[in-house]
Amino acid sequence: MTIVPAGTTVPYTITWLEMTARPGWGYPHLPAGEPASLLKADAPPVWYFLSLYDAVGRDYAWEDIHKREHSDIAGWLGHEAVTLYTLLKHGWPHGFFLLDAREGATCELAYFGLVPEAVGRGLGSWLLKTAILMAWEIPGVERLEVNTCTLDHPRALQTYQRHGFVPVRREDRTRV
């Protein structure tokens, strides 16, 4: 993580990726060790989503969602085509993903990540493969999309590509 003074303009590149066919692998086994659970949240409260968002994204400048009104976030989280899953291990969240299938044939892996304490334990690949397969199980999905940027984990782009996503667009931006 690079710390920059407040007010500094930071350049970054967003890469949009997509997958147009379900991968050929089956559901993966959890890495060896303590058991873990993947739990779906039914109409989660905004504070719960934001706690996961902040825990995973605090080192990667995830802050955009905080510009939205809580009522807007609540409506989005409560939509029947939006699903939030939390990976729990040792009684606390190790990561999460959120699938947004409101666009019908396109499902967006809107958020995905692990908390810093869970990185490097083999859970990321397991969680990503599981998220991908769960997205493809949504009726009518023909395309899965995700985006990442150069402010995210340094291996995010290559990880998505290694799991079958193909870059379709890039855009350079700046933020203060």
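In what follows, residues are counted from 1 in the order of the sequence shown.
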Output for pair (Phe112 CZ, Leu127 CG), nearest 0.5 Å, gives 4.5 Å

Min side-chain heavy-atom separation Ile73-Glu69 under 4.5 Å: no

> Are Val141 and Tyr27 connected in a single hydrophobic cluster, I mean Ile/Leu/Val/Met/Phe/Trp/Tyr linked by side-chain heavy atoms less than 4.5 Å apart?
Replying inline: yes

Residues at least two apart in sequence or cross-chain that pass side chain to side chain contact (heavy atoms under 4.5 Å, CB included) with Leu39, listed by chain then number, are Ser37, Leu88

Hits for side chain to side chain contact (heavy atoms under 4.5 Å, CB included) against Arg22, two or more places apart or cross-chain, chain-then-number order -> Leu133, Trp136

How about Leu128 and Ser125: do any of their side-chain heavy atoms sit closer than 4.5 Å? no

Side chain to side chain contact (heavy atoms under 4.5 Å, CB included) filter on Gln158, not counting sequence neighbours, yields Arg155, Arg162

Side chains of Tyr160 and Thr15: any donor to acceptor distance under 3.5 Å? no

Between Pro44 and Leu84, the two heavy atoms sitting closest are CG-CD2, 3.7 Å

Closest non-hydrogen atoms of Lys40 and Tyr85, given as atom of the first, atom of the second and distance, are CB-CE2, 3.5 Å

Membership question, hydrophobic clusters at under 4.5 Å side-chain separation (ILVMFWY): are Trp92 and Trp47 in the same one? yes

Nearest heavy-atom contact between Ile132 and Pro23 is CG2-CG, 3.6 Å

When rounded to the nearest 0.5 Å, the distance separating CD of Glu145 from OG1 of Thr20 is 12.0 Å

So OH of Tyr12 and CD of Glu171: to nearest 0.5 Å the spacing works out to 8.0 Å

What verdict does the side chain to side chain contact (heavy atoms under 4.5 Å, CB included) test give for Arg175 and Glu63, after you've listed the backbone C-alpha separation in whole Å, the side-chain angles of each residue and the deciding distance to 0.1 Å? CA-CA 11 Å; Arg175 71 167 29 161; Glu63 55 192 43; 4.0 Å; yes

Side-chain donor/acceptor of Tyr60 to backbone N/O of Pro154, under 3.5 Å = no

Mind checking whether Pro93 and Leu87 have side chains closer than 4.5 Å, heavy atoms only? no

Ala118 meets the side chain to side chain contact (heavy atoms under 4.5 Å, CB included) criterion, sequence neighbours left out, with His94, Leu114, Val115, Leu123

Nearest heavy-atom contact between Phe49 and Leu98 is CE1-CD1, 3.9 Å

Smallest heavy-atom separation, Trp126 atom then Pro28 atom, equals NE1-O, 3.2 Å

Exercise. Can you list the steps and then say if Tyr48 with Thr86 is a side chain to side chain donor-acceptor pair (under 3.5 Å)?
Worked result: CA-CA 10 Å; Tyr48 181 73; Thr86 306; 2.8 Å; yes

Review point. Taking the inter-plane angle between the rings of Tyr111 and Phe96 on a 0 to 90° scale, is it parallel (under 30°), tilted (30 to 60°) or perpendicular (over 60°)?
Key: parallel

Scanning both residues in full, the closest heavy-atom pair of Pro11 with Thr174 reads CA-CG2, 4.0 Å

Do Lys89 and Pro35 have side chains that approach each other closer than 4.5 Å (heavy atoms only, starting at C-beta)? no

Listing, residues 99-107 side-chain donor-acceptor contacts under 3.5 Å, not counting sequence neighbours, or none:
from: Asp100; atom 1: OD1; to: Arg102; atom 2: N; distance (Å): 3.1
from: Asp100; atom 1: OD1; to: Arg102; atom 2: NE; distance (Å): 2.9
from: Asp100; atom 1: OD2; to: Trp76; atom 2: NE1; distance (Å): 3.0
from: Asp100; atom 1: OD2; to: Arg102; atom 2: NE; distance (Å): 3.1
from: Asp100; atom 1: OD2; to: Arg102; atom 2: NH2; distance (Å): 2.8
from: Thr106; atom 1: OG1; to: Arg143; atom 2: NE; distance (Å): 3.4

- Item | Side-chain heavy atoms of Leu38 within contact of Phe97, under 4.5 Å | yes

Which of Thr148, Asp172, Leu151, Leu157 passes side chain to side chain contact (heavy atoms under 4.5 Å, CB included) with Thr13? It is Asp172

Is any side-chain heavy atom of His153 closer than 4.5 Å to a side-chain heavy atom of Val119?
yes

One should read off an interatomic distance between Leu17 CG and Gln161 CD, to the nearest 0.5 angstrom, of 6.0 Å

Are the side chain of Arg121 and the backbone of Glu117 linked by a donor-acceptor contact shorter than 3.5 Å?
yes

Value for CG (Asn147) from CZ (Arg169), rounded to nearest 0.5 Å, stands at 9.0 Å

Sequence neighbours excluded, the answer for side-chain hydrogen bond (donor to acceptor under 3.5 Å, both in side chains) partners of His66 is Asp54

Distance col, row Ile14:CD1 vs Thr150:OG1, nearest 0.5 angstrom, shows 8.5 Å

Salt bridge (charged side-chain N to carboxylate O under 4.0 Å, His left out), that's the test. Do Lys67 and Asp72 meet it? Break it down for me. CA-CA 10 Å; Lys67 296 174 185 170; Asp72 180 43; over 6 Å; no

Problem - Check: Val146 main-chain N/O paired with Trp16 side-chain donor or acceptor under 3.5 Å - result: no

